[in-house]
Amino acid sequence: MPSPVVEIAGLHKRFGDLAVLKGVDLAIEAGEVVCVIGPSGSGKSTLLRCVNALEDATEGVVRVSGVDLTDPDCHIDRVRAKIGMVFQLFNLFPNMTALRNVTIAQEKVLRRGKAEAREKALAMLERVGLSDKAHSYPDTLSGGQQQRVAIARALAMDPELMLFDEATSALDPELVGDVLNVMRELAEGGMTMMVVTHEMGFARHVADRVAFIDEGVIMEQGPPEQVIGAPKMDRTQRFLQMVLEH
Amino acid sequence: MRAWSDLSPRKRSRIIRWCVYAITLAGIVALALLIDWPSIRRVFFDPDIARQQFPEVITQAAKNTLIFTAFGFVIAFGVGLLLAVMRLSDIAVYRGAALVWIEIFRGLPALVTISLIGFGLPIALGQQFPGTYTTGSIAVGVVGSAYIAETVRAGIEAVPRGQMEAARSLGMSYGRAMVTVVIPQALRIVIPPLTNEFVLLLKDTSLLSVLGVTASNKELLKFARDDAVATFNSTPYVVAGLVYLAITVPLTFLARRLESGGANRSSSAGPGRLRVLFRSLDPRGGSSDA
């Protein structure tokens, strides 16, 4: 059996005196889509950010494709080049066109030639439905379009794993669907995904597994029909009531 | 007559305004009567001496001022950028070293720094110091670097943290992300203040007049002073002053325009004027996609 793409064991993360993660264990197999849900401040974004070392683990082990990110000698840039990350606030480079946003890391990190990077970028923009926006600057795009460019930017690196940090939380409601559709297509295409989200519909229908996290630990995890459909823990039930009621 | 307090605020402010005008005018008239105009005209506005300044005041003095400014600014910008990045480094030694440099050269009067470097550097490095402009350019460059470092640091800090995170998450190293993503955005933010730094540095080149320089690389003030001493007349200072203004005033206007362009960009929708401007300045015509 191949080793998991993501292996998190005994992960603790403290910011000064504030303990955000208090011993998290999680493994994600190749091709698996894991949604992480939980109340705000529960540590789910911090957990995601530890998976590409945007936050350093205080304690414990985070392995991606077998590489231990907590090892001081690990080549973190090489690992990150294989992990796509999509942020809540898109974080497109505002001084570059959509196309340049998608080509720049291909050229500077993967050392692809200009023509190859451009071809790849156009293919990725087409995949997210934005071929016609290649030469637009981010501030002329809607939030949903910006987020899809950000997804294209990550996909152009041919990642082995995609991380989504509340990718639809900053969007106007009518734009959420476009982004979720792109994410759903990615999942159906076999991408390994770790998705921090408040979209319970997405978690229920797309995720292979849902992890409910609260107060820095994973309280409950399993198939969506179990965790969302028939949660065992009181806390999970209360959380789901809160988010599903409105 | 009604009491002062019964007047409406608008009437009161009108009366105050006219009083200010009257007092100012009276002051100017009094001054004009007191001043010895013939002497002023003789000492500061001698047309023959003014005419003698040309064309050398432009072809030599102004040219040298601009050369010192250009070299000085390149040095100041390069060192300032390096210092700014050092100030933001995780490594305490880099941070500390940059801070010491910045505090020393912002704390010293520019004339002291220029005297120390201008007289000290040639002695320290021996007689065969290359180039006639080198010492002076380094001196004003060092002074400018301390100020530019703080300006650029503020610009880097004004770039949202998510930009660095996005670049790092794509596999760029810290340095690569700085150079490719963060610094270009920071420089756009600081172009208006940098234009002002450029003007300050240009004015600081006048302090190079204290250094003994060869006749061929006198900057404006040294040129004016030598002529003023030779003719026993201050007209050369007036000419030099006008030449300074002819260079600095357009630049400060430019800086002000860039600033208001920047304000527009952050305030409202549509592609910012500032960015449109920079795209038009871009030699590649802004098509950075190719």
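Bear in mind that the values here come from a model prediction, so they are computed numbers and not experimental data. Chain A is the first sequence line, chain B the second, and so forth, proteins listed ahead of strands; every chain is numbered from 1.
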Which pairs of donor and acceptor atoms, one on a side chain in residues 33-44 of chain A, lie under 3.5 Å apart (sequence neighbours left out)?
from	atom 1	to	atom 2	distance (Å)
A:S42	OG	A:P39	O	2.6
A:K44	NZ	A:G38	O	3.1
A:K44	NZ	A:P39	O	3.3

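Only the backbone of A:L92 comes within less than 4.5 Å of a heavy atom of chain B; no side-chain atom from C-beta onward does. Only the side chain of A:R49 comes within less than 4.5 Å of a heavy atom in chain B; its backbone stays farther off.
Residues of residues 159-167 of chain B having a heavy atom under 4.5 Å from any heavy atom of chain A, listed by number: B:R161, B:G162, B:Q163, B:E165, B:A166, B:A167. Using non-hydrogen atoms only and a strict 4.5 Å limit, the part of residues 81-89 of chain A facing chain B consists of A:A81, A:I83, A:M85, A:F87.
Within 6.0 Å of the CZ atom in B:R95, the count of heavy atoms belonging to other residues, nucleotides or ligands exceeds 12. No more than 12 heavy atoms of other residues, nucleotides or ligands shown are found within 6.0 angstrom of CZ on B:F71. Taking a 6.0 Å sphere around CD of B:E103, one finds it holds more than 12 heavy atoms contributed by other residues, nucleotides or ligands. Counting non-hydrogen atoms of neighbouring residues, nucleotides and ligands closer than 6.0 angstrom, the CD atom of A:E119 reaches no more than 12 such neighbours. Heavy atoms of other residues, nucleotides or ligands lying less than 6.0 angstrom from OH of B:Y174 number more than 12. Counting non-hydrogen atoms of other residues, nucleotides and ligands closer than 6.0 Å to CG of B:D90 gives a total of 12 or fewer.
Interatomic distance, A:M96 CE to B:T180 OG1, rounded to the nearest 0.5 Å: 7.0 Å. One finds the CZ atom of A:R153 at 6.5 Å from the OG atom of B:S169 (value rounded to the nearest 0.5 Å).
By the 4.5 Å heavy-atom criterion applied to side chains, A:N95 and B:R188 are counted as neighbours. By the 4.5 Å heavy-atom criterion applied to side chains, B:R176 and A:V109 are not counted as neighbours.
In plain terms, the two heavy atoms of A:I104 and B:M172 that are nearest each other are CG2-CE, 4.2 Å. Counting all heavy atoms, side chain and backbone alike, A:P94 lies closest to B:Q185 at CG-OE1, 3.3 Å.
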Steps toward side chain to side chain contact (heavy atoms under 4.5 Å, CB included) verdict (A:M157, B:L170): CA-CA 8 Å; A:M157 305 294 285; B:L170 288 163; 4.0 Å; yes
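With sequence neighbours left out, A:N181 forms a side-chain contact (heavy atoms from CB on, under 4.5 Å) with A:R184.
Checked for salt-bridge contact, A:D77 and B:R168 meet the test: a charged N lies under 4.0 Å from a carboxylate O.
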